[in-house]
Amino acid sequence: MPMFQPSKRGGAVGFEGGGDGHVLDLDTAVKEGVLGGVGGGGGVFGGGFGEKLDLKTMIEELNLSEVPPVFICPISLEPMQDPVTLCTGQTYERSNIVKWLNLGHFTCPTTMQELWDDSVTPNRTLYHLICTWFSQKYLQMKKKSEDVQGRASELLDSIRKVKGQLRVGALKELQQVVAAHATARKAVVDEGGVLLLSSLLGQLTSHAVGSEVVAILVNLTLNSESKTNLMQPEKISLMVDMLSEGSIETKINCTRLIGALMEEKNCRSEIVSSHRLLIGLMRLVKDKRYPDGCLPGLSLLKTISLHEQVRTLIVSIGAVPQLVDLLPGLNPDCLELALFVLDVLSSLPEGRLALKSCSNTISNMVRIIMRVSESCTQHALSILWSVCTIAPEECSAIAVDAGLPAKLLLVIQSGCSPELKQQSVELLKLCSLNYSDTIFISKCKLTRTIQ
């Protein structure tokens, strides 16, 4: 919110004018149009539209980042709804200045002048200008909103009637309108647009049409019935195809839409039990050309991994070594998702074997401990336990060389949860099985004090 600039002239309410930085009084501001087209005269809130509007509602709904500085209360830096003026000529929101005076202050907050009169006078001229300015902006927003709703309705009608490139063009425009305006999204839902768009997805749908439909649907609020409709095998199959072959935007949109569908309670694991889907997801996650695809890809992979029936399939496509290799380069959000998936897969015998077979599993997990978040540390410790219990002698030696004992002691001495500390104690015991105390301390580069 712009900072209020107090007037340097006694009783004038001042604010920054045009581009030259000089301070104008209120009358000059109105005459020169500095307030953005607000004129004086007339008592109608609606700025000439004859509609009385609630000022508080308008301010909240508009939520404007740029407001004429003269409308801003110097105390709260928010638009004033009940401006009052002190004897010093400075204007404030009534509730703010009354609170200031009730705290025992007898000075003007802006000028720090001592008040010779602590009464406040309603600034009706400024109040009228604030109401008029906000009502004009509000009515402009409402008119634009109605225009957008109307255009969304027209585009839905066109999509129903036309085919080929004309339909693709209408879908492209609707996608742009829906992405930019909440009122358009509501209009599409209210007018049965979701069912219409869903009907366009099928085995014979071109990717040109399918990609635009999916781009629209990911922006809409889908009810349970709509999601169930979209979970039909031929519709999911098209999304999987586009996830593998579409543009990066289409891949991300398909990923997000499938993820939204999987939130339904009646979502069956058969829907995502697909080699093509899982391979397409891993390609999206690994594609370094388009890092924006990593987070949505891992988010969907996490959701899929919650279905026990699909976990073996995830392991079978080679996801474990691919995810382990990705770990060092992931940002914290992506790292937590990848570790979650690996932790879930480590509950399977084939998952544990896949983790043990990766030469960098233990070293990568050791690096993560106490470096990112407690959640990441928890997953890393869980994975290490799964791997080390398969072949304690072999894996514990690798873990000791990678510096695991020192990290475990950090966890034990930290403010982590008791469960994590206990898990660290158990892992520390496992690491020390093959060594005497002296050799273990020596290999870990720890002092006897720490022991």
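Using a 30° and 60° split on the angle between ring planes, Phe71 and Trp133 fall in the perpendicular class, above 60°.
The closest side-chain heavy-atom distance from Leu384 to Ile369 is below 4.5 Å. Within the 4.5 Å cutoff, the side chain of Leu327 has no heavy atoms near those of the Asn360 side chain. Counting heavy atoms from C-beta on, the side chains of Ile72 and Glu78 never come closer than 4.5 Å. Looking only at side-chain heavy atoms (C-beta outward), Ile304 and Leu281 come within less than 4.5 Å of each other. By the 4.5 Å heavy-atom criterion applied to side chains, Glu426 and Lys429 are counted as neighbours. Counting heavy atoms from C-beta outward, Lys186 and Thr221 have side chains that stay 4.5 Å or more apart. The side-chain heavy atoms of Cys395 and Ile390, taken from C-beta on, include no pair separated by under 4.5 Å. No side-chain heavy atom of Ser346 sits under 4.5 Å from any side-chain heavy atom of Val387.
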_Applying side chain to side chain contact (heavy atoms under 4.5 Å, CB included) to Ser396 and Cys388, what does each step give before you reach the verdict?_
CA-CA 6 Å; Ser396 61; Cys388 288; 5.6 Å; no
*Could you please spell out the steps behind the side-chain hydrogen bond (donor to acceptor under 3.5 Å, both in side chains) verdict for Gln378 and Glu374?*
CA-CA 6 Å; Gln378 179 181 356; Glu374 184 169 331; over 6 Å; no
*Apply salt bridge (Lys or Arg N to Asp or Glu O under 4.0 Å) to the pair Arg151 and Glu173, showing each step before the final yes or no.*
CA-CA 10 Å; Arg151 185 55 184 155; Glu173 185 177 348; 2.8 Å; yes
*Please assess Ile59 against Tyr138 for the test side chain to side chain contact (heavy atoms under 4.5 Å, CB included), listing each intermediate value before the final yes or no.*
CA-CA 9 Å; Ile59 292 173; Tyr138 186 80; over 6 Å; no
*Tell me, with the steps shown, if Thr250 and Asn253 meet side-chain hydrogen bond (donor to acceptor under 3.5 Å, both in side chains).*
CA-CA 5 Å; Thr250 299; Asn253 287 333; 5.5 Å; no
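Side-chain contact, Glu264 with Ser224: a donor N or O sits under 3.5 Å from an acceptor N or O. In summary, the side chains of Ser273 and Gln309 do not present any donor paired with an acceptor at a separation below 3.5 Å, with no hydrogens or angles considered. Looking only at atom types and distance, the side chain of Glu336 has a donor-acceptor partner in the side chain of Ser375 under 3.5 Å away.
Distance alone, capped at 3.5 Å, places no donor-acceptor pair between the Ser237 side chain and the Glu234 backbone. Put simply, the side chain of Glu93 gets close to the backbone of Gln81: a donor and an acceptor are under 3.5 Å apart. Side chain of Asn96 to backbone of Tyr92: no donor-acceptor contact under 3.5 angstrom is found. In this structure, the side chain of Arg311 engages the main chain of Ser305 through a donor-acceptor pair within 3.5 Å.
Closest approach of Pro83 to Ile130, counting heavy atoms only: CG-CD1, 4.3 Å.
For the atom pair CD1 (Ile258) and OG (Ser299), the distance works out to 13.0 Å, reported to the nearest 0.5 Å. Rounding to the nearest 0.5 Å places OG of Ser347 at 7.5 Å from CZ of Arg352. Separating the CG atom in Leu278 from the CD1 atom in Ile317 is a distance of 4.5 Å, to the nearest 0.5 Å. Atom CD of Glu249 and atom SG of Cys254 lie 11.5 Å apart (nearest 0.5 Å).
Counted within 6.0 Å of NZ on Lys421, heavy atoms from surrounding residues, nucleotides or ligands total more than 12; the atom is thus considered enclosed. By the 6.0 Å contact criterion, CZ on Arg371 is open, its count of non-hydrogen atoms from other residues, nucleotides or ligands being 12 or less.
Ion pair Lys227/Glu263 flagged as a salt bridge, since at least one NZ, NE, NH1 or NH2 atom sits closer than 4.0 Å to an Asp/Glu carboxylate oxygen. Using a cutoff of 4.0 Å between basic side-chain nitrogens and carboxylate oxygens, Lys356 and Glu394 are scored as salt-bridged.
Residue pairs meeting the side chain to side chain donor-acceptor pair (under 3.5 Å) criterion with at least one member in residues 288-298, sequence neighbours excluded, are Asp287-Arg289.
Leu337 pairs with exactly one of Leu323, Leu330, Leu298, Leu300 by the side-chain contact (heavy atoms from CB on, under 4.5 Å) rule, that one being Leu298. Applying the side-chain contact (heavy atoms from CB on, under 4.5 Å) test between Val209 and each of Leu238, Leu171, Ile159 identifies Leu171 as the sole match. Between Phe340 and the options Leu335, Leu306, Leu301, a side-chain contact (heavy atoms from CB on, under 4.5 Å) holds for only Leu306. Just one of Val67, Leu129, Thr57, Leu139 meets the side-chain contact (heavy atoms from CB on, under 4.5 Å) condition when paired with Phe134; it is Val67.
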Which side-chain N or O atoms in residues 197-204 pair as donor and acceptor under 3.5 Å with protein atoms at least two apart or in another chain?
| residue | atom | partner | partner atom | Å |
| --- | --- | --- | --- | --- |
| Ser198 | OG | Asn229 | OD1 | 3.1 |
| Ser199 | OG | Leu196 | O | 2.5 |

